[in-house]
Asks: 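Have a look at this one.
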Amino acid sequence: MAALVVLFNLKDDASKETYEQWAKTTDVPTASSMASVDSFKVFKLGNIMGTENASPYQYCEILEINDMAKLGEEVESEAMKKVAAEFQSFADNPMFIISDQIA
């Protein structure tokens, strides 16, 4: 199984409350409806374990992908283009990391 891991911080002018509401009501339902996505979860990151130091990222999205080629096709839909543009209005230089499950 492949996963797409997205690490990001919000832009300085983005509201945490607005982003989190948008993630729950728009981002997750829209992306989860794609046939290539088995699950999609968004995490608000806290401190680094065992320290008082904050994570270098505020949020992490994890999408479990069953077909990367199909995902490439599905993200070209008008609905996903709209969601992607809205995401970019919140996220400051997000990192999209493709990963493969090994265990």
Side-chain angles (χ1 to χ4, degrees):
M1 164 104 24
L4 180 60
V5 178
V6 185
L7 299 171
F8 63 98
N9 292 313
L10 296 180
K11 292 180 178 178
D12 290 340
D13 62 346
S15 158
K16 289 180 183 181
E17 294 79 13
T18 302
Y19 163 72
E20 290 177 10
Q21 183 63 25
W22 173 84
K24 292 173 189 174
T25 61
T26 302
D27 193 19
V28 172
T30 305
S32 294
S33 72
M34 292 189 294
S36 60
V37 176
D38 284 343
S39 74
F40 179 18
K41 296 178 181 165
V42 180
F43 298 89
K44 184 175 181 177
L45 303 178
N47 288 347
I48 296 172
M49 188 171 176
T51 76
E52 295 296 320
N53 300 326
S55 165
Y57 296 100
Q58 295 171 310
Y59 295 94
C60 174
E61 296 181 346
I62 300 176
L63 294 89
E64 290 185 346
I65 309 298
N66 60 52
D67 186 333
M68 290 300 286
K70 180 78 172 163
L71 176 67
E73 296 169 11
E74 291 181 317
V75 297
E76 292 300 318
S77 73
E78 289 306 312
M80 281 308 302
K81 284 181 181 179
K82 180 177 185 283
V83 168
E86 291 171 354
F87 175 75
Q88 291 295 334
S89 75
F90 289 112
D92 184 20
N93 197 27
M95 291 180 33
F96 293 81
I97 305 166
I98 298 170
S99 59
D100 292 309
Q101 184 174 349
I102 62 169

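Because only heavy atoms are used, hydrogens play no part in the values below, and waters and symmetry mates are left out as well, while side chains stay in.
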Asks: Less than 4.0 Å between a side-chain N and a carboxylate O, is that true for Glu20 and Lys24?
Replies: no
Asks: Compute the ring centroids of Tyr59 and Phe90, then answer whether they are less than 6.0 Å apart.
Replies: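 No: the rings miss the under 6.0 Å criterion.
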Asks: Say whether, by atom type as modelled, one donor and one acceptor occur between the side chain of Asp27 and the main chain of Val83 under 3.5 angstrom.
Replies: no
Asks: Do you know which two heavy atoms are closest between Asn9 and Pro56, and how far apart they sit?
Replies: ND2-O, 3.1 Å
Asks: Under the 3.5 angstrom rule, does the side chain of Asp12 hit a backbone N or O of Asp92 as a donor-acceptor pair?
Replies: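 The answer is no, because no donor-acceptor pair under 3.5 Å joins these two groups.
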Asks: With sequence neighbours excluded, tell me which residues meet side-chain contact (heavy atoms from CB on, under 4.5 Å) with Ser89.
Replies: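 So Ser89 forms no side-chain contact (heavy atoms from CB on, under 4.5 Å) with any residue.
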Asks: NZ/Lys82 to OG/Ser77 distance, rounded to the nearest 0.5 angstrom?
Replies: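 So the NZ of Lys82 and the OG of Ser77 are separated by 11.5 Å.
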Asks: Could you tell me whether the side chain of Glu64 and the main chain of Met1 form a donor-acceptor pair under 3.5 Å?
Replies: no
Asks: Sub-3.5 Å donor-acceptor pair from the side chain of Ser36 to the main-chain atoms of Ile65, do we have one?
Replies: no
Asks: Roughly how far apart are Phe87 CZ and Tyr19 OH, rounded to 0.5 Å?
Replies: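 It is 6.0 Å, given to the nearest 0.5 Å.
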Asks: Mind checking whether Phe96 and Phe40 sit in one hydrophobic cluster, side chains of I, L, V, M, F, W, Y counted as touching below 4.5 Å?
Replies: yes
Asks: Linking I/L/V/M/F/W/Y whenever any side-chain heavy atoms sit under 4.5 Å apart, do Ile97 and Phe43 land together?
Replies: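 Yes, same cluster.
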Asks: Using the rule that Ile, Leu, Val, Met, Phe, Trp and Tyr join whenever any side-chain heavy atoms are under 4.5 Å apart, tell me whether Val42 and Ile98 fall into a single cluster.
Replies: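 Yes, Val42 connects to Ile98 through the hydrophobic network.
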Asks: Quick check: closest heavy atoms across Gly72 and Glu76, and the distance to 0.1 Å?
Replies: O-CG, 3.6 Å
Asks: For residues Pro94 and Val6, report the shortest heavy-atom separation together with the two atoms involved.
Replies: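 Heavy atoms only, the tightest pair is CB-CG1, 4.1 Å.
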Asks: Would you compute the distance between atom CG of Asp67 and atom CD of Glu74 and round it to the nearest 0.5 angstrom?
Replies: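 Spacing of CG (Asp67) from CD (Glu74) equals 8.0 Å.
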Asks: Is the backbone of Leu10 close enough, under 3.5 Å, to the side chain of Gln58 for a donor and an acceptor to pair up by distance?
Replies: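 Answer holds: yes.
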Asks: If every non-hydrogen atom of Ala23 is compared with every non-hydrogen atom of Pro29, which pair is closest and at what distance?
Replies: O-CD, 4.0 Å
Asks: With ILVMFWY side chains joined below 4.5 Å, transitively, what does Ile48's cluster contain besides itself?
Replies: none
Asks: Which atom names give the shortest non-hydrogen contact between Val5 and Cys60, and what distance separates them?
Replies: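 It is CG1-SG, 3.9 Å.
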Asks: Could you check Val37, Leu63, Ile62 and say which one makes a side chain to side chain contact (heavy atoms under 4.5 Å, CB included) with Leu4?
Replies: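 It is Leu63; the other options fail the test.
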Asks: Within the distance-only criterion (no hydrogens, no angle test), does the side chain of Lys11 pair as donor or acceptor with the backbone N or O of Gln88 below 3.5 angstrom?
Replies: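 Indeed, once roles are kept as given, a pair shorter than 3.5 Å links the two residues.
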